[in-house]
A.B. asks: 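My questions will all concern the structure given below.
Indexing begins at 1, ligand by ligand and atom by atom, following the structure's order.
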Amino acid sequence: MPADTTPDTLHADQVAFWSGEGGDIWLAREARTDAMLAGLGEQALTAAAAQSGEVVLDVGCGTGATSRMLARAVGPSGTVLGLDLSEAMMAEASRRAAADGLANVRFAAGDASAYAFAPGSTDLLFSRFGVMFFGDPVAAFTHLRRALKPRGRLTFLCWRPFKDNAWAFVPFVAAVPFLPPMPRPGPHDPGPFAFGDRDHVRRVLAGAGFADITIDPIDDQAVFRASSLDEAAALAAEVGPMTRLLRAAPEAARRQAIDAVGKALAPYMADGAVRLSTACWLVKAVNPS
Ligand SMILES: C[S@@+](CC[C@H](N)C(=O)[O-])C[C@H]1O[C@@H](n2cnc3c(N)ncnc32)[C@H](O)[C@@H]1O
């Protein structure tokens with residue numbers, strides 16, 4: 001961690017990003033990203049096994065695709081709260097839930113590491129890739145655990161290390177020579193790959209007071225449907241860690257970077273799509289008391 005960064009400044013950076021530009025970018029690309037994450041999300045929802053009548057919290061819920069599925073799983077006698085930093089995403093999530101006629105899900109804009117949850121109120125904490133952005137993850141998961149009832153469950157998905165996720169790694173390595181230099185994040189700094197190290201995830205959850213921790217790998221593929229390599233490159237460049245760098249780059253460098261991404265994706269293009277491996281952890285734990 002560079003000398004001028006602390007858990008608080010790292011956290012503040014994530015809050016600023018997702019409340020603003022990050023949320024807007026996610027919203028603009030949401031349909032394709034959601035398609036990419038749908039299969040993984042379904043596996044996590046199956047593992048979470050939400051039951052009729054349960055109270056569920058969906059952390060970092062984005063536009064609420066998983067919150068709506070959870071709302072259907074818990075039925076009219078259950079409730080789901082979707083929580084996210086982005087006001088724009090919460091407005092869209094509410095609109096979609098209303099359009100689907102779901103009355104048992106609501107959405108709130110807020111920071112999950114500090115939100116005023118009713119203590120001991122929740123049966124299930126769920127997240128599809130929304131819990132890797134806390135500056136102090138032990139403190140954040142301690143706070144989240146206190147929202148759970150005794151024996152309440154935690155189920156979430158997070159990415160395994162960057163180098164194991166070709167969907168992020170292949171475009172990044174191709175583009176990075178053309179992009180402005182970026183500070184190298186520490187291995188556990190908040191961001192999509194903060195929970196790549198299984199031992200670190202276990203330490204965080206144990207430190208936060210969780211028990212019965214299981215962390216299992218899921219291997220899958222990200223599919224970027226595109227009619228040309230240029231289109232695939234534009235898509236692949238807009239998800240993952242280089243989105244911010246690309247936005248900050250001068251136009252000429254941006255074009256060179258996307259060109260290089262296209263070339264790097266060529267070996268992965270077949271039948272109208274680029275397929276790149278995804279590697280994540282399915283994490284489960286229980287609040288013991
Ligand atoms: C990678 S996106 C995943 C969104 C959604 N779960 C999905 O699968 O479509 C991560 C989400 O976590 C949210 N997030 C990050 N830090 C958060 C925090 N401290 N509190 C609440 N939400 C947070 C972001 O705003 C973003 O919407």
Side-chain angles (χ1 to χ4, degrees), residues 7-45 48 56-71 80-94 96-97 105 107-117 125-144 147 155-159 162 165 167-168 189-196 204 208 218 220 222 238-244 278 280-283:
D8 284 350
T9 57
L10 289 169
H11 189 76
D13 180 51
Q14 292 295 324
V15 171
F17 176 67
W18 286 109
S19 311
E21 189 191 18
D24 295 343
I25 296 170
W26 186 272
L27 202 48
R29 305 288 159 228
E30 188 270 342
R32 288 183 190 266
T33 314
D34 191 43
M36 167 184 160
L37 301 179
L40 293 170
E42 273 162 29
Q43 291 185 62
L45 287 163
V56 180
L57 175 61
D58 190 0
V59 181
C61 65
T63 47
T66 51
S67 314
R68 294 192 298 280
M69 291 166 87
L70 286 161
V80 177
L81 170 63
L83 183 66
D84 200 284
L85 287 167
S86 163
E87 298 264 3
M89 284 202 263
M90 293 300 79
E92 182 60 17
S94 300
R96 291 186 192 187
V105 55
F107 294 94
D111 179 352
S113 67
Y115 193 80
F117 303 113
L125 287 175
F126 180 86
S127 185
R128 185 178 77 174
F129 302 113
V131 290
M132 303 88 83
F133 308 98
F134 303 126
D136 182 343
V138 173
F141 275 97
T142 302
H143 181 74
L144 287 167
T155 302
F156 69 82
L157 281 175
C158 58
W159 297 113
F162 183 49
N165 278 284
W167 67 273
D189 282 359
F193 299 98
F195 280 1
V204 165
I218 299 182
D220 210 326
E238 278 165 351
V239 291
M242 75 184 177
T243 322
R244 287 172 96 170
T278 60
C280 56
W281 299 122
L282 172 63
V283 181

A.B. asks: May I ask you to check whether Ser113 has an N/O atom sitting below 3.5 Å from an N/O atom of ligand 1?
C.D. replies: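 No, no N or O pair falls under 3.5 Å.
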A.B. asks: Below 4.0 angstrom from a heavy atom of Asp111, which ligand 1 atoms are there? Numbered from 1 as shown, please.
C.D. replies: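 Near Asp111, meaning under 4.0 Å from one of its heavy atoms, ligand 1 has 18 (C), 19 (N), 20 (N).
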A.B. asks: Counting C-beta onward and ignoring hydrogens, is there a side-chain heavy-atom pair between Phe129 and Trp159 closer than 4.5 Å?
C.D. replies: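 Answer yes - side chains close enough.
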A.B. asks: Give the atom numbers and elements of ligand 1 that come within less than 4.0 Å of a heavy atom of Phe134.
C.D. replies: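 Within the 4.0 Å cut-off of Phe134, ligand 1 contributes 18 (C), 19 (N).
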A.B. asks: For atom 1 (C) of ligand 1, what is the closest protein heavy atom, and at what distance to 0.1 Å?
C.D. replies: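 Checked against all protein heavy atoms, atom 1 (C) of ligand 1 sits closest to Phe129 O, 3.3 Å.
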A.B. asks: Can you tell me which portion of Ser127 lies within the under-4.0 Å heavy-atom range of ligand 1? Options are side chain, backbone, both, or neither.
C.D. replies: neither
A.B. asks: Does an N or O from Asp84, backbone or side chain, lie closer than 3.5 Å to an N or O of ligand 1?
C.D. replies: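 Yes; at least one N/O pair falls below 3.5 Å.
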A.B. asks: If you have a sec, work out which protein heavy atom is nearest atom 8 (O) of ligand 1 and how many Å separate them, to one decimal?
C.D. replies: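 Protein heavy atom with the smallest distance to atom 8 (O) of ligand 1: Arg128 NE, 2.5 Å.
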A.B. asks: Could you pull out, from Gly130, Ala140, Gly60, the option with a heavy atom nearest to atom 6 (N) of ligand 1?
C.D. replies: Gly60
A.B. asks: For ligand 1, which atoms, with element, lie under 4.0 Å from some heavy atom of Phe133?
C.D. replies: 10 (C), 15 (C), 16 (N)
A.B. asks: Looking at every heavy atom in both Phe107 and Ala93, which two are closest together, and how far apart are they?
C.D. replies: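 It is CE1-O, 3.5 Å.
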A.B. asks: Which one of Gly64, Gly110, Gly22 has a non-hydrogen atom at the shortest distance from atom 21 (C) of ligand 1?
C.D. replies: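 Nearest heavy atom to atom 21 (C) of ligand 1 lies in Gly110.
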A.B. asks: Under 4.0 Å, heavy atoms only, figure out whether ligand 1 is touched by the backbone of Gln14, its side chain, both or neither.
C.D. replies: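 Under 4.0 Å from ligand 1, Gln14 contributes no heavy atoms.
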